[in-house]
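One structure is given below, encoded as structure tokens.
When a ligand or atom number is given, it counts from 1 through the structure's own listing order.
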Amino acid sequence: MSQPQSRSEGALTPDLVAGFAAIVGAQHALTDPDQQLPYLREWRDLYNGRACVVLRPGSTEEVSRVLTLANEHGLPVVPQAGNTGLVGGQVAMHGEVLLSVGRLKRVRSLDPQGFTMTVEAGLTLAEAQAAADDADRLFPLSLPSEGSCQIGGNLATNAGGVGVLAYGNARQLVLGLEVVLADGRVWNGLNRLKKDNTGYDLKDLFIGSEGTLGVITAAVLKLFPKPAEKATSFVALADLDAALALFSLGQEIAGPHFTAFEVMARIVLETVVSHVEGARNPLPGSHPWYALLETCGLKADGTAERLLTDTLTAASERGIITDAVIASSLTQARDLWRLRESYSEAQKPLGGSVKNDVSVPVAAIPEFIRRADAAMERICPGARPIPISHFGDGNVHYNVSQPEGMAKDRFMALWDDMVHAVNEIVLDLNGSISAEHGIGVMKRAELARAKGPLAMDLMRKIKAVFDPRGILNPGKVL
Ligand code: FAD
Ligand code: ZN
């Protein structure tokens, strides 16, 4: 894995610490290593964090004053929300200022009839979902990390997750943003309009910019009618072509009611069943591939289950599925979802793991996985690909675990070779080397190759306009 370089210019003096403490309050300017620890420890233990100070501003105005001061002194600042990012973007690695938005937690307004809510960046995704739910509305962004990740991080990474098939990724769920720029100026773009063709779309630049262009402090999010019913099924498949055929059938039969289609290899299910307490295989026997399907209905009139049953019946008649179970209760549906969502924690006992979060056109997923499997076997015989896919939107988490018995260090030394080989196939299939986790530090080296010189030049120029002194998250993305 490539390591970032630090471009920090200024140094933190006792006077500056006092200046920051005067802005956010002494108890929210953390220099004690024990107090800093939760902000520095990274979820996958891939990066070591080191910050000169952790600042926890309590308002947009405080964020603005912090950045004004940091910019004046050329101090690098790493924005952080829930610290669940998977590419190291939120990690301070060179003693930067770590700016946590976690105290910005207000739901500023909720408009059930206009189907919008304005929330601050430190609200966890689960809290945002609950706020919508309390108003009988749905905020459909949904990730396994939703209890910890926060809206600011979700938007800064343009998060994806399991609802993208029906509702789009984070970018599609935002109408407006409030952003503090590197020099402390506050851009109020809290637009609530669906139609606004007044020049360049600035908000779309900040979404997915991973803390390199500005600090998102609040957002206007889109809400949706809350489904009154859901139906969930777990099916067994002989191969990936069957998965593609089933997905296509589900689209034809259930159309907009088809809200999730997740696919996983046998090894994913086996790993989850062995390592997650209470998880069990819902189908008899063992099958090469499994899919989780979900349909929704706005009224509680059985539409969701009928559409799901129709899809499975048609698939069975055409020999597409080998076996299937439909959840008969909410608890059963939750258990099926848990098989999909707990794979990240379940995978740890398998040892070293090389991560690829990529996407290809949906119809190319079978070819991508076949070619990637062959490439991994060439590079590291016995390596265990663990593909798990938000299939319906083309996203494959193509993780590769070390061969049994191999030393972890030896395997992890193959990281760059394996990632490079996977990305070659992805680009050959007109895919993307980062589907939903972003670039951060992990994928910086590969970005230039994937985007080409013109796109890189434009991105660098945009960065220079928004952050001329280069204080925001230096060494990340670009
Ligand atoms: P952080 O990790 O704190 O930050 C992420 C990036 O955003 C960093 O570059 C940071 O500098 C920047 N940033 C944070 N806050 C701000 C802000 N206010 N303004 C500007 N920049 C900011 N991701 C998916 O997309 N789909 C998944 O299905 C998914 N599943 C996951 C499952 C698990 C178990 C885990 C641990 C992670 C998963 N992730 C997934 C990754 C992660 O949860 C998402 O990227 C999430 O959106 C990050 O949010 P966060 O609040 O934790 O951000
Ligand atoms: Zn994912």
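Every atom of ligand 1 with a heavy atom of Glu210 under 4.0 Å away is listed here by number and element: 9 (O), 11 (O), 12 (C). Listed by number with element, the atoms of ligand 1 under 4.0 Å from a non-hydrogen atom of Gly211 are 12 (C), 20 (C), 21 (N). Set against the non-hydrogen atoms of Thr157, the atoms of ligand 1 under 4.0 Å away are 5 (C), 6 (C), 7 (O), 45 (O), 46 (C), 47 (O). Here is the list of ligand 1 atoms found below 4.0 Å of a heavy atom in Gly160: 24 (C), 25 (O). Per-residue contacts place Asn473 under 4.0 angstrom from the following atoms of ligand 1 (heavy atoms of the residue considered): 9 (O), 11 (O). Within ligand 1, the atoms closer than 4.0 Å to a non-hydrogen atom of His437 are 23 (N), 24 (C), 40 (C), numbered from 1 in the order shown. Of all atoms in ligand 1, listed by their number and element, those nearer than 4.0 Å to a heavy atom of Ala156 are 7 (O), 12 (C), 13 (N), 20 (C), 21 (N), 22 (C). The atoms of ligand 1 that sit less than 4.0 Å from any heavy atom of Ser344 are 34 (C).
Side chains of Gln347 and Ser353: a donor on one and an acceptor on the other come within 3.5 Å. The closest side-chain donor-acceptor pair between His390 and Glu436 falls under 3.5 angstrom. For the residue pair Lys230 / Thr232, no side-chain donor-acceptor distance below 3.5 Å is found, with atom types taken as modelled. For the residue pair Ser142 / Glu146, a side-chain donor-acceptor distance below 3.5 Å is found, with atom types taken as modelled.
Judged by the shortest distance from any of its heavy atoms, Gly440 lies outside the 4.0 Å radius around the atoms of ligand 1. His390 counts as a contact of ligand 1, since one of its heavy atoms falls under 4.0 Å from the ligand. In this structure, Lys476 falls outside the shell of residues with a heavy atom less than 4.0 angstrom from ligand 1. The closest approach between Val78 and ligand 1 stays at or above 4.0 Å for every heavy atom of the residue.
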Phe139 and Phe224: CA distance, side-chain angles, deciding distance, ring-ring contact (aromatic ring centres under 6.0 Å, His included) verdict:
CA-CA 6 Å; Phe139 180 59; Phe224 294 80; 8.2 Å; no
For Glu72 and Thr68, what are the C-alpha separation, side-chain angles and deciding distance, and is it a side chain to side chain donor-acceptor pair (under 3.5 Å)?
CA-CA 6 Å; Glu72 272 168 21; Thr68 304; over 6 Å; no
Does Asp357 form a side chain to side chain donor-acceptor pair (under 3.5 Å) with Tyr398? I'd like the steps, not just the answer.
CA-CA 6 Å; Asp357 157 46; Tyr398 188 80; over 6 Å; no
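Remark: aromatic rings of Phe234 and Tyr290 are close, center separation under 6.0 Å.
Considering Val164, Val179, Asn154 only, the shortest heavy-atom separation from atom 47 (O) of ligand 1 involves Asn154. Among Ile388, Val162, Leu98, Thr84, the residue whose heavy atom lies nearest to atom 42 (C) of ligand 1 is Thr84. One option in Ala81, Pro79, Ala121 has a heavy atom closer to atom 3 (O) of ligand 1 than any other, and that option is Ala81. Distances from atom 44 (C) of ligand 1 to the heavy atoms of Leu143, Leu99, Val101 put Leu143 nearest.
Leu223 is listed as a side-chain neighbour of Met117, based on a closest heavy-atom distance under 4.5 Å. Contact check for Glu120 versus Arg106: side-chain heavy atoms found under the 4.5 Å cut-off. Between Cys296 and Glu294 there is a side-chain heavy-atom pair separated by less than 4.5 Å.
Looking at atom 50 (P) of ligand 1, its nearest protein heavy atom turns out to be Gly82 N, 3.5 Å. Here the heavy atom of the protein found nearest to atom 35 (C) of ligand 1 is Ser145 CB, 3.7 Å.
In this structure, the side chain of Arg192 does not engage the main chain of Val220 through any donor-acceptor pair within 3.5 Å. Counting only distance, with no hydrogens or angles, the side chain of Asn158 and the backbone of Arg171 share a donor-acceptor pair below 3.5 Å.
Within the sub-2.8 Å shell of the Zn ion (ligand 2), the protein contributes these N/O/S atoms: His390 NE2, His397 NE2, Glu436 OE2.
Taking a cutoff of 4.0 Å between a charged side-chain nitrogen and a carboxylate oxygen, Glu178 and Arg108 qualify as a salt bridge.
Ligand 1 has no nitrogen or oxygen under 3.5 angstrom from a nitrogen or oxygen of His397. Close N/O approach between Asn83 and ligand 1 is found [any backbone or side-chain N/O within under 3.5 Å].
Note that CG of Asp111 and OG1 of Thr116 are 4.5 Å apart. Values are rounded to the nearest 0.5 Å.
Both tests do not hold together for Lys408 against Trp415: distance to the six-membered ring centre under 6.0 Å, angle to the ring axis within 45°.
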